[in-house]
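Position 1 is the first residue of the sequence, and the numbers go up from there.
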Amino acid sequence: MMHKLIFISAILLLGGCSSESLPPMGGNGESVPLSISGLHLEGSVQPAGESSDESSAEFSDEPAGEPVDEPSTRVTAGAVTTDGALVRVFRLGTNGYKAQYNVKCTYKGAESQWQLAEVIGIDKRNGAIAGVYDPNGVGAFLDSNTSFQSSANLTAQAFDETKLWYVDNSHTAVTNAAPAVAFKMTPAYSRMVLQVERDANYKGDCKITEVTLLSGGKFYNNLPMDIAAGTLQGSSTAYNVTSNPLLKNDAGFVTIAGGTKNIDLLLPPQSIQSGGLVLSLKIDGEVLSVTIPYASLPKLAMGSQYNVPLKIMGPATLTISSSVTEQAWSATSNMGTITDTGGI
């Protein structure tokens with residue numbers, strides 16, 4: 001009888017160790033694979049000289065310039081369903097998760113779905129998932145040596161569609177109850193459009209050869225952005241700062257014969273000091289400056305476009321003709337050719 005009781009007890013003990021009744025792994029519930037259900041680009045991105053459906057007249061009193069060649073990697077708003085399109089997926093090291101960076105996810109046209117190169121597990125804890133889309137291959141995140149990299153450099157420069165890459169870091173509560181993520185990507189850069197009007201009384205060629213931006217005596221113009229937070233990375237002393245011209249071309253990159261022309265810039269997102277943003281233009285050899293008040297422009301946010309209406313008066317005076325406005329990215333106007341200083 002004693003042997004039967006021992007046998008029955010052993011069977012009951014083994015039955016209690018089945019997978020169905022094991023305690024949740026680490027108390028965090030079942031880990032299921034993350035899936036990417038879609039990739040959508042927000043806003044509209046168009047190269048200089050090309051108008052949108054709304055027309056660039058909103059930004060310029062002059063007709064659009066000559067058409068430009070359309071890049072083979074042309075980026076437009078809407079769902080991305082190009083076969084072979086690649087998004088890099090990051091599970092951030094929050095809420096006890098181990099960070100998992102730079103996992104490739106490729107769109108398979110034949111299956112009409114996104115496929116991750118490796119499994120990213122999600123359990124009942126809120127998981128933070130970020131994505132980076134680099135359609136132009138500018139190297140925001142390289143294939144090698146990026147296992148623990150969660151930042152990429154942004155450089156202040158003239159607007160160039162082929163230098164853009166995109167981020168979505170808004171998915172901070174992904175769980176095993178809903179493990180699918182649909183990315184809505186916004187440009188990693190902030191964009192500033194200087195809408196420069198020449199007053200009828202201004203005497204001179206109105207040739208602009210330099211643009212300088214300063215906030216608190218500095219401007220961060222070449223530094224990494226933490227994709228998790230969408231902010232600049234590192235201490236203020238480690239940032240690359242300069243008071244030199246942001247853009248320079250002695251031959252003149254914009255000459256305003258009359259009306260308004262745009263100067264279109266890509267800038268690293270950053271906060272503006274309480275004293276405002278000092279904007280300087282070198283016009284016909286003379287530097288003219290104006291301060292954009294902090295109340296009008298407290299920061300340069302990732303994925304936002306800031307329209308700054310300026311007027312060159314006569315005698316030589318630079319003024320802000322109306323309020324700075326913030327909007328989603330849209331078409332650019334007929335900006336001339338510009339040359340980066342290279343050292344920024």
Chemist: Can you run down the ring pair (Phe, Tyr, Trp, His ring centres under 6.0 Å) pairs that involve residues 104-126, sequence neighbours left out, and say none if there aren't any?
Modeler: Y107-W114
Chemist: Measure the CG-CG distance between N95 and D123 for me, rounded to the nearest 0.5 Å.
Modeler: 9.5 Å
Chemist: Contact between P245 and T209 at the side-chain level, heavy atoms closer than 4.5 Å - yes or no?
Modeler: no
Chemist: Inspect the contact between K184 and D168 and indicate whether a charged nitrogen and a carboxylate oxygen are less than 4.0 angstrom apart.
Modeler: no
Chemist: Less than 4.5 Å apart, side chain to side chain, heavy atoms only: is that true for K124 and T175?
Modeler: no
Chemist: Please collect all ring pair (Phe, Tyr, Trp, His ring centres under 6.0 Å) contacts where either partner lies in residues 168-213, sequence neighbours excluded, each pair once.
Modeler: H171-F183
Chemist: Quick one: are F90 and V103 in side-chain contact, heavy atoms under 4.5 Å?
Modeler: no
Chemist: Below 4.5 Å, heavy atoms only, C-beta onward: do F219 and L267 meet side chain to side chain?
Modeler: yes
Chemist: Is there a donor-acceptor pair closer than 3.5 Å between any side-chain N or O of D134 and the backbone N or O of W165?
Modeler: no
Chemist: Hey, are the side chains of L41 and Y133 touching, using non-hydrogen atoms and a 4.5 Å cut-off?
Modeler: yes
Chemist: If you measure only the distance, is there a donor-acceptor pair under 3.5 Å linking the side chains of N222 and T155?
Modeler: yes
Chemist: Same cluster or not: V32 versus L92, using hydrophobic residues (I, L, V, M, F, W, Y) connected whenever any side-chain heavy atoms lie under 4.5 Å apart?
Modeler: no
Chemist: Is it possible for you to say whether M313 and V290 belong to one hydrophobic cluster, with membership spreading through side-chain heavy-atom contacts below 4.5 Å?
Modeler: no
Chemist: Listing request: all salt bridge (charged side-chain N to carboxylate O under 4.0 Å, His left out) pairs with a residue in residues 272-285, at least two apart in sequence or in separate chains.
Modeler: E210-K282
Chemist: Just checking, any donor-acceptor pair under 3.5 angstrom between side chains of Q195 and T260?
Modeler: no
Chemist: Would you mind reporting whether N221 and L213 have side-chain heavy atoms less than 4.5 Å apart?
Modeler: no
Chemist: In the structure I gave you, are the side-chain heavy atoms of L34 and R91 within less than 4.5 Å of one another anywhere?
Modeler: no
Chemist: side-chain hydrogen bond (donor to acceptor under 3.5 Å, both in side chains) with T212: which residues, sequence neighbours excluded?
Modeler: none
Chemist: With rounding to the nearest 0.5 Å, note down the distance linking CD1 in I283 to CG in D205.
Modeler: 12.0 Å
Chemist: T106 and Q115: side chain to side chain contact (heavy atoms under 4.5 Å, CB included), yes or no, with the steps?
Modeler: CA-CA 5 Å; T106 306; Q115 294 183 4; 5.7 Å; no
Chemist: Are V254 and V196 side-chain neighbours, meaning at least one heavy-atom pair lies under 4.5 Å?
Modeler: no
Chemist: To the nearest 0.5 Å, tell me how far N244 CG sits from L247 CG.
Modeler: 12.0 Å
Chemist: Looking at residues at least two apart in the chain, or sitting in another chain, which of them share a side chain to side chain contact (heavy atoms under 4.5 Å, CB included) with D160?
Modeler: T162, K163
Chemist: What's the separation between atom CZ in R191 and atom CG in L300, rounded to the nearest 0.5 Å?
Modeler: 13.5 Å
Chemist: After noting the C-alpha distance and the side-chain angles of E118 and K104, does the key distance pass the side chain to side chain contact (heavy atoms under 4.5 Å, CB included) rule?
Modeler: CA-CA 8 Å; E118 60 186 80; K104 292 183 180 180; over 6 Å; no
Chemist: Side chains of residues 270-278: which donor-acceptor pairs under 3.5 Å do they make with residues two or more places apart or in other chains?
Modeler:
{"residue": "Q270", "atom": "OE1", "partner": "Y220", "partner atom": "N", "Å": "3.2"}
{"residue": "Q270", "atom": "NE2", "partner": "Y220", "partner atom": "O", "Å": "2.7"}
{"residue": "Q270", "atom": "NE2", "partner": "P268", "partner atom": "O", "Å": "3.1"}

Chemist: Starting from L214, can I reach V308 by hopping between I/L/V/M/F/W/Y residues whose side chains sit under 4.5 Å apart?
Modeler: no
Chemist: Treating N262 as the side-chain partner and D264 as the backbone partner, does any N or O pair qualify as donor plus acceptor under 3.5 Å?
Modeler: no
Chemist: Distance check, rounded to the nearest 0.5 Å: T186 atom OG1 versus H40 atom NE2?
Modeler: 12.5 Å
Chemist: Report the distance from atom CD of Q100 to atom CD1 of I120, rounding to the nearest 0.5 Å.
Modeler: 5.0 Å
